[in-house]
> 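My questions will all concern the structure given below.
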Amino acid sequence: MTDNPAALFLGQSFEGAAENLLFKRANRHGVVAGATGTGKTVTLQIMAQGFSDAGVPVFCADVKGDLSGISQAGDTVRFAERAGQMGLSLTGKAAPVVFWDLYGQKGHPIRATVSDVGPTLLARMLELNDVQEGVLTVAFHVADKEGLLLLDLEDLRALLAYVGENAQTIGREVGNVSPTSIAAIQRALLQLEQEGGKAFFGEPALRLEDMMRTSLDGRGQVNVLDSTRLMNSPRLYAAFLLWLLSELFEQLPEIGDPEKPRLVFFFDEAHLLFNDAPKGLLEKVEQVVRLIRSKGVGVYFVTQNPADIPDTVLAQLGNRVQHALRAYTPAEQKGLRAAAQSFRTNPAFDTAEAIQGLGVGEALVSTLDEKGGPTVVAQTKIRPPDSRLGPATEAERAAVMAASPVRGTYDTAINRESAEEVLKARRAQAARIEAETASAAAEAKAAEKAARSAPAPTRERAAPRARASSRQTPMEALTKSVLRTAGTTITRELLRGVLGSLKRR
Ligand SMILES: Nc1ncnc2c1ncn2[C@@H]1O[C@H](COP(=O)(O)OP(=O)(O)OP(=O)(O)O)[C@@H](O)[C@H]1O
Ligand SMILES: [Mg+2]
C-alpha cells in the first residue's frame, strides 16, 4: 500500500486506507494549512523527501530552521510505532540537500542581478508607491536603451543619480521623473541594503540548473533556503520567492502534463505574498501559478489558514492537506468555513467539525485522482519522516555545505564592469569635454580680445565663439546623443517578462 511508485505516500486514513498524492497530478499544485504547531512543517518535510525520492528536485524555505533536519538521518526508533501502524518501515535516510541563504551564511549565497529582478518586483521589495514605481520603470527603460548593465545595487544607485541629473532630457525622450521620487527610491534602496539586500543583488547569478539536479542515485536535490534571518524582511522574502517562481516560469519550456513534476516549489508563510499586495501583482501571481503547471512545476503554498490565499489562487490548488484549525474568533470561524467548503465532503463526517478535532500530525487530505478530480476528503494520520525531525546542528550544516555540488560556484561575489563603472567613465568624459570647452572658450575670448586690438583683417580669422553660453551641459548632450543612437543601434528592444524581469531569449 505504501510502495506505489506512481504516488507519494502522505499517510493513512482513519479508515486504514493509504492517502497518496499522484506524481502525475502533483503539478496541479497544492496547499498545506493549519494552526501553529499542528504539523505543517513535518508535512512539508515528508512531501519534500517523497518528491526527492521519486527523482523530483524540490525548493523549500526553512522559516524557523527546523526543516534543516531533512539533511540528516532520522530516528527510526522514535517513530517505529507510528510508521508500523501504517505498514511503513522507515529508512532513516537523509535527503540530498543543498543549503542556500540570501546572506550567504547558513547556505550558499543566492544572487540575482537587478536587471533580472526587474522593476515590478524591485518596487515591491522597496515598498514603492505607484509614482515611484513609474520612475523606477523609466530608469530601467533608460538602462535598457543605453545598454547599461544593472547588476548590483551600486549600479541601480548610479543609474538613478544619472536619471536624476538628466531628468529634463529623459523626461522628453522616455518619461517623466521627479527628483522627489528619485530621492525616495534612493532612501528605500538604502533600507533594502541595510536589510541585507546588498548581498542578494549581483553576480554570479543563480542558474536554475543548479537547483534542478538529481543525485547519482536518482534522487532529486532538495534545496533548502534558510529564511530565519530573511523572515525579518517579509517583503524581501516574499518578493524573492516570487522572483524565483517567475524565473522558473520564464526559463522552463512547456511540457504539458508530465508523469512527474520537474520541480516542486514550496511557498512557506505564503500569506506574506498576498498581504496588502496591489491588485496588479495579485493578478500576475495568479497568472504565473496557472501557467507554470504546464512547465512541470508544482507549487505548494504553506500557510496557517487557507483564507490567507486569494480565491483565484486557492481555486488552482488541487492537492490539499489541512491540519487542525481553531475557531474561537469570528475571523477564525470564517476561515474554518472557507477551509471546510474547499473540500469534497465525506458522508462519514462533518468537514468543519473534523478540522477542529484533528490531533497534531493529523490532517484532512484530498488530492487529485487519475481523472483530475478531487478525492473525497479523508481524516489522515500523516506519516513520520525518514530524515530527522528537528534542526541540523551548525556543524552538520557546515558538513553538508562542504560536500555540496555547488560548492565554490557562488561563494565569492564577482563585480564586472556595469552601469556604475560605465556612468563613472562617462561622467569623467563629460568633465573632460567641459574642461576642454571651457579652455577653448577662454582661448577664443583671448583671441577675440587680441583681434579687437588688432587691425581689421585678422578679426575674421578669430576663432568662432565657443558655445559656452548654451544651456546644455556636456553631460546632457552626451545623454541625448546616447539615448538617440541607442534606439537605433540596439535594434532589439529588450523583452521583459510577466513580472518585469529580463527574458533571455
Ligand atoms: N507527521 C508527523 N509525525 C510525527 N510527529 C509529528 C508529525 N507532524 C507533527 N509532529 C509533531 O508535532 C510537532 C509540531 O509539528 P510542526 O513543527 O510540523 O508544526 P507546524 O504546524 O509547522 O508549527 P509552526 O506553525 O509553529 O511552524 C513536531 O515537532 C512533531 O513532534
Ligand atoms: Mg512549522
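In listed order, ligands and their atoms are each counted from 1.
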> Quick one: do the D130 and Q132 side chains pair a donor with an acceptor below 3.5 Å?
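Q132 and D130 do not have a side-chain donor-acceptor pair below 3.5 Å.
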> Which class fits the ring pair Y237 and F267: parallel under 30°, tilted 30 to 60°, perpendicular over 60°?
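It falls in the perpendicular class, over 60°.
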> Students should be able to answer this: which protein heavy-atom is nearest to atom 4 (C) of ligand 1, and at what distance?
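The closest one turns out to be F79 CE2, 3.5 Å.
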> Can you tell me which residue and heavy atom of the protein come closest to atom 16 (P) of ligand 1, and the distance to 0.1 Å?
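Answer, as residue, atom name and distance: G39 CA, 3.6 Å.
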> Would you kindly specify which portion of T43 sits under 4.0 Å from ligand 1, judged on non-hydrogen atoms: side chain, backbone, both or neither?
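Neither part.
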> Determine the interplanar angle of the W100 and H108 rings, folded into 0 to 90°, and report it as parallel if under 30°, tilted if 30 to 60°, perpendicular if over 60°.
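Correct class here is perpendicular.
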> Do R111 and F201 meet the cation-pi criteria used here (NZ or CZ under 6.0 Å from the six-membered ring centre, within 45° of the axis)?
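Relative to the ring axis of F201, which defines the angle, R111 lies outside at least one limit.
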> When you measure from atom 31 (O) of ligand 1 to every protein heavy atom, which one gives the shortest distance, and what is it?
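The closest one turns out to be R78 NH2, 3.9 Å.
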> Could a heavy atom of R383 be found less than 4.0 Å from some atom of ligand 1?
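Heavy atoms of R383 do come under 4.0 Å of ligand 1.
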> Say whether P385 and ligand 1 are in contact under the criterion: heavy-atom distance to a ligand atom below 4.0 Å.
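P385 does not count as a contact of ligand 1 under the 4.0 Å cut-off.
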> Could you tell me whether T41 approaches ligand 1 through its side chain, its backbone, both or neither, with non-hydrogen atoms closer than 4.0 Å?
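It is both backbone and side chain that touch ligand 1.
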> Could you confirm whether T36 has any N/O/S atom lying under 2.8 Å from the Mg ion (ligand 2)?
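It does not: T36 brings no N, O or S atom closer than 2.8 Å to the Mg ion (ligand 2).
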> State whether a side-chain donor-acceptor pair under 3.5 Å links D308 with T303.
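Result is yes, a qualifying pair exists.
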> Are K295 and F249 in a cation-pi contact, defined as NZ or CZ under 6.0 Å from the six-membered ring centre and within 45° of the axis?
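Yes, K295 and F249 form such a contact.
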> Ignoring hydrogens and geometry, is there a side-chain-to-backbone donor-acceptor pair from E127 to A123 under 3.5 Å?
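Between the backbone of A123 and the side chain of E127 there is no qualifying donor-acceptor contact (under 3.5 Å).
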> Considering the heavy atoms of I382, write down every atom of ligand 1 situated less than 4.0 Å from one of them.
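The atoms of ligand 1 under 4.0 Å from a heavy atom of I382 are 1 (N).
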> Atom 7 (C) of ligand 1: which protein heavy atom is closest, and how many Å away?
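Protein heavy atom at minimum distance: V42 CG1, 3.6 Å.
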> Among protein heavy atoms, which lies nearest atom 3 (N) of ligand 1, and at what distance?
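For atom 3 (N) of ligand 1, the nearest protein heavy atom comes out as R82 NE, 3.2 Å.
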> Looking only at protein heavy atoms, which one is nearest to atom 12 (O) of ligand 1, and how far off is it?
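For atom 12 (O) of ligand 1, the nearest protein heavy atom comes out as V360 CG1, 3.0 Å.
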> Among all protein heavy atoms, pick out the one at the shortest distance from atom 27 (O) of ligand 1; state its residue, atom name and that distance to 0.1 Å.
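Going by distance alone, atom 27 (O) of ligand 1 is nearest to K64 NZ, 2.8 Å.
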> Measure the distance from atom 25 (O) of ligand 1 to every protein heavy atom, then report the residue, atom name and distance (to 0.1 Å) of the closest one.
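Sorting protein heavy atoms by distance from atom 25 (O) of ligand 1 puts K40 NZ, 2.9 Å first.
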> Is ligand 1 less than 4.0 angstrom away from at least one heavy atom of G37?
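Judged by the 4.0 Å heavy-atom criterion, G37 does count as contacting ligand 1.
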> What I want to check is whether the side chains of T367 and N319 have a donor and an acceptor closer together than 3.5 Å.
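No pair is found: no donor N or O on one side chain lies under 3.5 Å from an acceptor on the other.
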> When you check the side-chain N and O atoms of S387 and Q49, is any donor under 3.5 Å from an acceptor?
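There is such a pair between these side chains.
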> Parallel, tilted or perpendicular, judged at 30° and 60°: which one describes the rings of F51 and Y300?
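Aromatic pair F51/Y300 classed tilted.
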> At a 4.0 Å threshold, what atoms of ligand 1 neighbour a non-hydrogen atom of A35?
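Counting atoms of ligand 1 from 1, those under 4.0 Å from A35 are 21 (O).
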